[in-house]
Amino acid sequence: MHRLTVCYGRPEDPAAFDAHYRDVHRPIAERIPGLLSVRLGACEGVPAPDGTPTEAPYYLVAELEFADGAALAAGLSSPEGAAAAGDLENFATGGVSLFVQRDVV
């Protein structure tokens, strides 16, 4: 398995981010060919050793799973993958970091 991990920084307007992600971006991304599943995680900080609250470095993390590297590459280079990438500028005001994970034994 290969997973595209998308880490979204804290947006300027969390409510607007959430609405756009739910109503526009996720439906675009779910049309990417070869996509097997999507997992979302809202991020929370971990208290410092002295108990002081901390803020997580990201607001939301999305993992998009594909069967293998070829399926991931094909999906990202598809028109649907390009549409998802092009939509990021419309709502990801806190920045975005992407990387690929592959299963290891």
Asks: Give the minimum heavy-atom separation between Pro14 and Pro11, together with the two atoms involved.
Replies: CA-CG, 3.7 Å
Asks: What heavy-atom pair brings Arg22 and Pro27 nearest, and what distance separates the two atoms?
Replies: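 Closest pair (atom of Arg22, atom of Pro27, distance): O-CD, 3.4 Å.
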Asks: Can you list every pair that meets salt bridge (charged side-chain N to carboxylate O under 4.0 Å, His left out) and has a residue in residues 62-83, with sequence neighbours left out?
Replies: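 Salt bridge (charged side-chain N to carboxylate O under 4.0 Å, His left out) check on residues 62-83 returns Arg3-Glu65, Arg39-Glu63.
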Asks: To the nearest 0.5 Å, what is the distance between OG (Ser37) and CG (Leu64)?
Replies: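 So the gap between those two atoms works out to 8.0 Å.
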Asks: Do Phe66 and Val100 come close enough that some side-chain heavy atom pair is under 4.5 Å?
Replies: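 The answer is no; the side chains never approach within 4.5 Å.
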Asks: Mind listing the closest non-hydrogen atom pair of Ala56 and Cys43 along with its distance?
Replies: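 The answer is CB-CB, 3.7 Å.
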Asks: Between CD1 of Ile28 and CG of Asp23, what distance do you get to the nearest 0.5 Å?
Replies: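 It comes to 11.0 Å.
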Asks: Enter the distance from Leu40:CG to Arg26:CZ here, rounded to the nearest 0.5 Å.
Replies: 4.5 Å
Asks: Would a 4.5 Å heavy-atom cut-off, applied to side chains only, mark Arg102 and Leu72 as touching?
Replies: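 No, side chains not in contact.
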Asks: Sequence neighbours left out, cut at 3.5 Å: what donor-acceptor pairs do the side chains of residues 86-99 make with other protein atoms?
Replies:
| from | atom 1 | to | atom 2 | distance (Å) |
| --- | --- | --- | --- | --- |
| Asp87 | OD1 | His20 | NE2 | 3.0 |
| Asp87 | OD1 | Asn90 | ND2 | 2.8 |
| Asp87 | OD2 | His20 | NE2 | 3.0 |
| Asp87 | OD2 | His25 | ND1 | 2.9 |
| Thr93 | OG1 | Glu12 | N | 2.9 |

Asks: With clusters built from Ile, Leu, Val, Met, Phe, Trp and Tyr whose side-chain heavy atoms come within less than 4.5 Å, directly or transitively, what are the remaining members of the cluster of Tyr58, listed by chain and number?
Replies: Val61
Asks: If you take all heavy atoms of Ala29 and Leu35, which pair is closest and at what distance?
Replies: O-CD2, 3.4 Å
Asks: If every non-hydrogen atom of Ile32 is compared with every non-hydrogen atom of Ala84, which pair is closest and at what distance?
Replies: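 Looks like CD1-CB, 4.2 Å.
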